[in-house]
Amino acid sequence: MHWGVGLVSSRSCVLDLSRNQTLSLCWCWGSEEHCSVYGDIVAFPLQDYGGVMSGLGSDSWWKKTLYLTGGALLAAAAYLLHELLAIRKEQEVDSKDAIILHQFSRPNNGVPSLSPFCLKMETYLRMADLPYQNYFDGKLSPQGKMPWIEYNHKRVSGTEFIIDFLEEKLGANLNKHLSPHQRAVSRAFTKMVEEHFYWTLAYCQWVENLDETQKMLNITGPLSDLLKWILCHLTKGIVKREMYGQGIGRFSEEEIYSLMEKDMRSLAGLLGDKKYLMGPKFSTLDATVFGHLAQAMWTLPGTRPERLIKGELINLAMYCERIRRKFWPEWHDDNDNTTYESDDSGEDSKTHTPFQDFSYYSRTGTFEDDGNSISQTPDTDFTGHSLFDSDVDMDEFTDHEQCK
């Protein structure tokens with residue numbers, strides 16, 4: 001009897017790993033994020049030919065050996081894929097009075113996330129000075145979204161709904177200083193970035209620049225290269241189908257890049273020579289735009305968006321560096337260049353510490369009237385910097401007050 005090996009997911013799909021020479025996967029995937037596949041490896045009978053060896057017929061011994069060796073390698077690959085993609089047994093996470101942020105694992109290129117939405121959400125939490133705990137379990141929300149949060153045992157997915165929830169429950173409002181007109185402009189640009197610019201980035205990241213993206217995936221162990229190849233090509237197929245459904249995927253490569261350039265020029269025009277997109281104070285729009293522009297800035301080497309942002313649209317590059325240095329001091333850029341230095345770029349901002357995969361974030365600084373006094377606590381080092389996941393220096397007291 002011949003057997004097939006496949007991946008069974010709770011999202012109504014079966015991926016045949018043994019018979020098909022090309023991998024195909026079909027499900028409905030929203031634009032909030034991509035690149036998460038999980039399920040169980042199963043074996044199933046195909047047809048009884050009177051046994052495997054008899055099914056090989058009169059083939060020569062070396063062909064039989066080749067078949068059996070290939071079967072053994074396939075079984076090993078299936079096992080490793082199961083270990084990689086199967087849902088982890090859920091650990092007990094106490095979300096009482098704590099924000100648990102579920103997101104994809106860190107890539108290996110020093111960037112916090114290859115996901116614009118995960119990077120947006122974590123940057124927002126840092127801007128709002130909200131303590132949170134990263135949880136890299138790889139499990140999507142009930143709505144099939146990533147990232148998502150738990151707070152006081154309530155689960156919320158979709159970055160827009162998460163931010164609304166945090167504003168309601170914790171009073172974290174980064175937009176309270178905006179006028180009604182500015183709020184309208186902010187929402188319009190948010191939708192442009194998340195519903196249009198995002199797809200052009202996804203095309204560049206998961207279709208045109210797939211080989212470089214594959215190198216950034218953080219997968220270790222035997223056959224890791226094979227697993228990266230499988231995941232990347234699965235994602236490539238999903239992105240192309242989703243882009244076609246969205247509409248932007250029906251255009252040529254040149255037309256897609258033309259749309260991307262228009263979006264980036266619009267952002268550069270909105271920013272101008274301002275510190276942040278809506279003025280001297282950061283807002284939710286800055287977290288959104290940074291999450292997306294950071295992909296062009298640091299995850300797409302040699303591509304058109306990287307050349308554009310680091311060339312003609314240099315104000316966007318300076319903007320990304322400004323936010324990275326202020327809110328992600330542990331994010332080390334190997335190609336750090338003083339060309340992007342900003343007023344925020346002091347010596348402290350160049351002190352980098354490794355990302356922590358599973359730890360709490362909170363600022364432990366005590367802000368006095370002068371905004372400069374920092375007290376040392378048991379979870380800080382001798383400089384007053386937090387030893388936790390995502391502590392950042394706040395070099396302006398007004399920025400801290402803005403988050404309250």
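When a residue number appears, it is its place in the shown sequence, counting from 1. Please read these numbers as outputs of a predicted model, since none were measured by experiment. Below, all heavy atoms of this structure are taken into account, side chains as well, without hydrogens, waters or symmetry copies.
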Reported [atom1]-to-[atom2] distance for the pair [X] and [Y], which is rounded to 0.5 angstrom:
X      : Y      : atom1 : atom2 : result
Phe251 : Ser258 : CZ    : OG    : 10.5 Å
Gln143 : Phe161 : CD    : CZ    : 9.5 Å
Leu313 : Met264 : CG    : CE    : 5.5 Å

Classify the side-chain pair [X]/[Y] by whether it contains a donor and acceptor separated by less than 3.5 Å.
X      : Y      : result
Gln182 : Asn175 : no
Tyr124 : Asp286 : no
Ser252 : Glu255 : yes

- Going through the distances and angles, do Val193 and Leu267 end up as a side-chain contact (heavy atoms from CB on, under 4.5 Å)? CA-CA 9 Å; Val193 169; Leu267 291 171; 4.0 Å; yes
State plainly whether the residues [X] and [Y] are in salt-bridge range, i.e. N to O under 4.0 Å.
X      : Y      : answer
Glu160 : Lys120 : no
Arg304 : Glu254 : yes
Glu122 : Arg106 : yes

- Ring centroid separation Phe327 to Phe282 under 6.0 Å: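 Yes.
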- Can you check whether Phe117 and His292 have ring centres sitting under 6.0 Å from each other? yes
- Note on the structure: Of Arg325, Arg324, Arg126, the one forming a salt bridge (Lys or Arg N to Asp or Glu O under 4.0 Å) with Glu330 is Arg126
